[in-house]
Peer 1: 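Take this structure, written in structure tokens, and hold onto it; I'll ask about it next.
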Amino acid sequence: GAMSVKNVSATYTNNRGTILPGYNQETNILGQNPRFDAPGFNFISGLQEDEFAFKAASENWVVNNDSTGLIYNYATTFSENYNVRATIRPIKSLNIQLTANRNYSINSAQQFFAIDDNFANPVDSGGSIVEVNNGGETNRYYLVSPINTGNFSMSFLSFNTAFFGDDPLDRSSKVFDNFLKERAAISERLGADNNNSTTTTNDGYSTGYGETSQDVLIPAFIAAYTGKTGEEVSLKNFQNFIPLPNWRVTYDGLSKLAFVNRLFKKFSLSHSYKSTLNYGSFTTNLLYQQDDFGDASARDLTNNFVPELSIATVSITEQFSPLIGADMTLNNNMLLRVEYRKNRNASLSMSNNQITEIKGVEWTVGTGYKFRKVRLPIAKSAADVDTRIDVGVRDNNTVVRRIVENVTQLTSGQRILSIKLTADYRVSSNLNLRAFYDYTSTKPFVSSTFPTTNTNVGLSVRFTFSQ
């Protein structure tokens with residue numbers, strides 16, 4: 001059949017909240033006070049008002065503000081989530097499911113206090129004065145610069161570098177080499193946009209945007225793992241990023257071919273890709289300052305511009321689950337499953353200037369067969385025996401890449417071999433016997449860990465009491 005979009009669905013959720021301690025009104029019907037004027041219909045119905053805290057202070061809904069020195073605490077929460085899903089069928093036996101998502105949350109903690117006409121706004125404090133009209137009388141409040149903390153994640157594409165391997169001897173990586181190289185180009189672009197960055201160092205970095213600047217490292221990290229150059233990667237605020245699609249593909253058309261149909265009742269291929277970009281635990285940088293043109297101006301001890309947000313880690317998590325998988329049923333009803341999985345997690349830490357990479361690959365082969373009408377001495381009649389064998393080989397390794405020293409170190413890793421066999425025999429409708437064999441062998445890649453082997457063999461009996 002012709003290519004067609006089978007269905008598309010999208011959801012958007014938005015949650016906002018206000019927390020204002022010190023509320024001093026009685027609560028009556030529907031959360032209102034006895035006079036039905038506080039905290040107001042908007043608040044009790046969940047509608048958010050940006051100046052609710054100042055209104056509450058003006059109306060004396062919070063603890064007495066006769067003294068202009070009393071400090072109020074005020075907190076707001078905000079989160080929004082996008083999810084988009086589409087199913088496409090280019091040909092009859094091929095199904096492609098596309099997904100994209102974006103999650104953003106931020107909590108804002110603020111303090112404010114009442115002021116009189118003699119109050120002078122401190123220079124470069126980041127605070128602001130708010131005026132609230134209350135029955136013809138104007139109340140003035142000083143709002144201290146808020147402290148925001150939050151998290152951000154979205155579906156992503158790091159496919160371009162998914163198959164770049166590490167050197168087997170020194171674990172060096174083309175991706176990490178590109179990360180180091182592209183920093184200078186990003187620094188140059190940032191310096192050109194900031195009037196306070198006036199010169200370029202001998203190694204090609206704009207002043208204020210050095211090789212360990214957060215504003216340089218994060219775009220370089222994203223550029224390296226997406227296969228882009230420092231000239232191509234986006235420098236815009238991550239809050240403006242648009243999520244990219246991930247996918248799952250299944251194809252069962254092979255079973256319609258004559259030579260395949262002679263051997264198999266079912267032959268299905270599958271492939272899945274999922275990647276996530278995550279900004280973990282960002283917070284307002286209280287040392288951040290900007291000039292009248294909106295350019296960063298304050299610098300830290302390493303002479304880099306202080307960023308507006310302090311970001312602890314940025315990570316990219318990628319999974320092929322599976323990269324390729326085959327699910328088969330032979331004409332004699334034997335089941336056969338083969339899968340190759342691949343995953344990696346790269347995390348950039350700003351606190352110690354290093355990238356930690358965790359990579360894994362896994363082969364799994366499974367087969368199952370039902371022996372019909374088997375008669376055991378303990379059974380009154382013949383019953384089916386369900387058998388299953390699963391064999392898996394997985395390689396894991398963790399590599400730490402130090403940015404300043406340009407040093408790469410394998411810190412942990414192992415090869416895991418697992419073999420699982422089960423046989424289930426249903427003696428009667430109430431009694432089930434299971435024989436099992438589990439074998440796991442771990443061979444470490446580093447000398448600080450010992451090889452281990454675990455074997456479990458046994459017989460389990462399960463009896464079900466009829467109701």
Side-chain angles (χ1 to χ4, degrees), residues 9-15 78-87 96-107 149-164 173 175-176 178-179 214 217-228 232-249 270-283 309 311-325 339-351 354-362 394 396-401:
S9 63
T11 60
Y12 172 74
T13 59
N14 180 310
N15 293 296
F78 173 82
S79 67
E80 66 176 5
N81 305 304
Y82 298 89
N83 283 285
V84 181
R85 184 183 299 267
T87 302
I96 303 172
Q97 188 175 81
L98 301 174
T99 57
N101 59 73
R102 180 184 185 276
N103 303 300
Y104 174 73
S105 65
I106 189 163
N107 299 324
T149 59
N151 294 279
F152 172 83
S153 67
M154 72 173 195
S155 53
F156 194 58
L157 281 178
S158 46
F159 192 88
N160 287 348
T161 61
F163 301 97
F164 288 11
S173 156
V175 174
F176 185 61
N178 288 340
F179 163 80
Q214 175 185 292
L217 291 179
I218 294 176
F221 176 73
I222 293 174
Y225 282 88
T226 55
K228 294 182 178 179
E232 297 169 333
V233 69
S234 172
L235 299 182
K236 64 184 179 183
N237 190 308
F238 67 86
Q239 297 170 19
N240 299 319
F241 285 178
I242 298 173
L244 301 173
N246 295 164
W247 59 83
R248 181 170 186 82
V249 181
S270 61
H271 161 75
S272 173
Y273 177 79
K274 181 180 181 182
S275 180
T276 303
L277 173 66
N278 181 67
Y279 282 68
S281 187
F282 61 81
T283 184
L309 293 175
I311 300 170
T313 58
V314 176
S315 63
I316 295 172
T317 304
E318 184 178 63
Q319 296 173 322
F320 292 92
S321 53
L323 177 61
I324 184 68
E339 281 189 348
Y340 176 62
R341 294 171 176 258
K342 184 179 175 68
N343 67 278
R344 67 173 171 171
N345 181 297
S347 178
L348 168 66
S349 171
M350 254 61 67
S351 61
Q354 69 180 29
I355 295 175
T356 303
E357 273 187 0
I358 303 172
K359 291 185 177 181
V361 294
E362 180 180 16
R394 179 174 180 82
N396 291 322
N397 64 61
T398 301
V399 175
V400 172
R401 307 187 189 278

Peer 1: Given the rule in the side chain to side chain contact (heavy atoms under 4.5 Å, CB included) test, do Phe78 and Asn15 qualify, once you have shown the distances and angles that lead to the verdict?
Peer 2: CA-CA 6 Å; Phe78 173 82; Asn15 293 296; over 6 Å; no

Peer 1: Can you name the residues that form a side-chain hydrogen bond (donor to acceptor under 3.5 Å, both in side chains) with Asn396, not counting sequence neighbours?
Peer 2: Arg394

Peer 1: Report the C-alpha separation of Ile242 and Met154 in whole Å, then their side-chain angles, then the decisive distance to 0.1 Å, and conclude whether the side chain to side chain contact (heavy atoms under 4.5 Å, CB included) test is met.
Peer 2: CA-CA 8 Å; Ile242 298 173; Met154 72 173 195; over 6 Å; no

Peer 1: Heavy atoms only: give me the nearest Gln214-Ile311 pair and the separation to one decimal.
Peer 2: OE1-N, 3.1 Å

Peer 1: Could you walk me through whether Thr149 and Thr283 pass the side-chain hydrogen bond (donor to acceptor under 3.5 Å, both in side chains) test, one step at a time?
Peer 2: CA-CA 4 Å; Thr149 59; Thr283 184; 5.7 Å; no

Peer 1: Going by distance alone, is a donor N or O of one side chain under 3.5 Å from an acceptor N or O of the other, for Ser347 and Thr313?
Peer 2: no

Peer 1: Consider only side-chain N and O atoms of Glu318 and Tyr273, and report whether a donor and an acceptor are under 3.5 Å apart.
Peer 2: yes

Peer 1: Is a side-chain donor-acceptor pair under 3.5 Å present for Arg248 with Thr87?
Peer 2: no

Peer 1: Hey, what's the ring geometry for Tyr225 with Phe221, parallel, tilted or perpendicular (30° and 60° as the breaks)?
Peer 2: tilted

Peer 1: With salt bridge (charged side-chain N to carboxylate O under 4.0 Å, His left out) as the criterion, how do Glu357 and Arg401 come out once you've worked through the C-alpha distance, each side chain's angles and the decisive distance to 0.1 Å?
Peer 2: CA-CA 8 Å; Glu357 273 187 0; Arg401 307 187 189 278; 3.0 Å; yes

Peer 1: Applying side-chain contact (heavy atoms from CB on, under 4.5 Å), can you list everything that pairs with Thr226, at least two apart in sequence or on another chain?
Peer 2: Phe156, Ile222, Lys228

Peer 1: Sequence neighbours excluded, which residues qualify as side-chain contact (heavy atoms from CB on, under 4.5 Å) partners of Tyr12?
Peer 2: Asn14, Glu80, Tyr82

Peer 1: If you apply the rule ring-ring contact (aromatic ring centres under 6.0 Å, His included), what do you find for Tyr104 with Tyr279, and how did you get there?
Peer 2: CA-CA 10 Å; Tyr104 174 73; Tyr279 282 68; over 10 Å; no

Peer 1: Taking the six-membered ring where the residue is Trp, are the ring centres of Phe282 and Phe152 under 6.0 Å apart?
Peer 2: no

Peer 1: After noting the C-alpha distance and the side-chain angles of Leu309 and Phe238, does the key distance pass the side chain to side chain contact (heavy atoms under 4.5 Å, CB included) rule?
Peer 2: CA-CA 11 Å; Leu309 293 175; Phe238 67 86; 3.9 Å; yes

Peer 1: Apply side-chain hydrogen bond (donor to acceptor under 3.5 Å, both in side chains) to Gln97 and list each qualifying residue two or more places apart in sequence or on a separate chain.
Peer 2: Arg85

Peer 1: Which pair of heavy atoms, one from Ile316 and one from Ser158, lies closest together, and at what distance?
Peer 2: CG2-OG, 3.6 Å

Peer 1: Less than 4.5 Å apart, side chain to side chain, heavy atoms only: is that true for Leu323 and Glu339?
Peer 2: no

Peer 1: Applying side-chain contact (heavy atoms from CB on, under 4.5 Å), can you list everything that pairs with Val249, at least two apart in sequence or on another chain?
Peer 2: Leu94, Ile96, Trp247, His271

Peer 1: Take Thr398 and Thr356 through the test side chain to side chain contact (heavy atoms under 4.5 Å, CB included) and record every step on the way to the result.
Peer 2: CA-CA 7 Å; Thr398 301; Thr356 303; 4.0 Å; yes

Peer 1: Kindly write out the residues that satisfy side-chain contact (heavy atoms from CB on, under 4.5 Å) with Ser155, not counting sequence neighbours, or none if the list is empty.
Peer 2: Ala100, Asn101, Pro243, Asn246

Peer 1: Examine distances only and state if a side-chain atom of Thr161 and a backbone atom of Phe164 form a donor-acceptor pair shorter than 3.5 Å.
Peer 2: no

Peer 1: Looking only at heavy atoms, which two atoms of Arg102 and Phe241 are closest? And how far apart?
Peer 2: NE-O, 3.4 Å

Peer 1: Can you confirm whether Lys359 is buried at NZ, in the sense that more than 12 heavy atoms of other residues, nucleotides or ligands lie under 6.0 Å from that atom?
Peer 2: yes

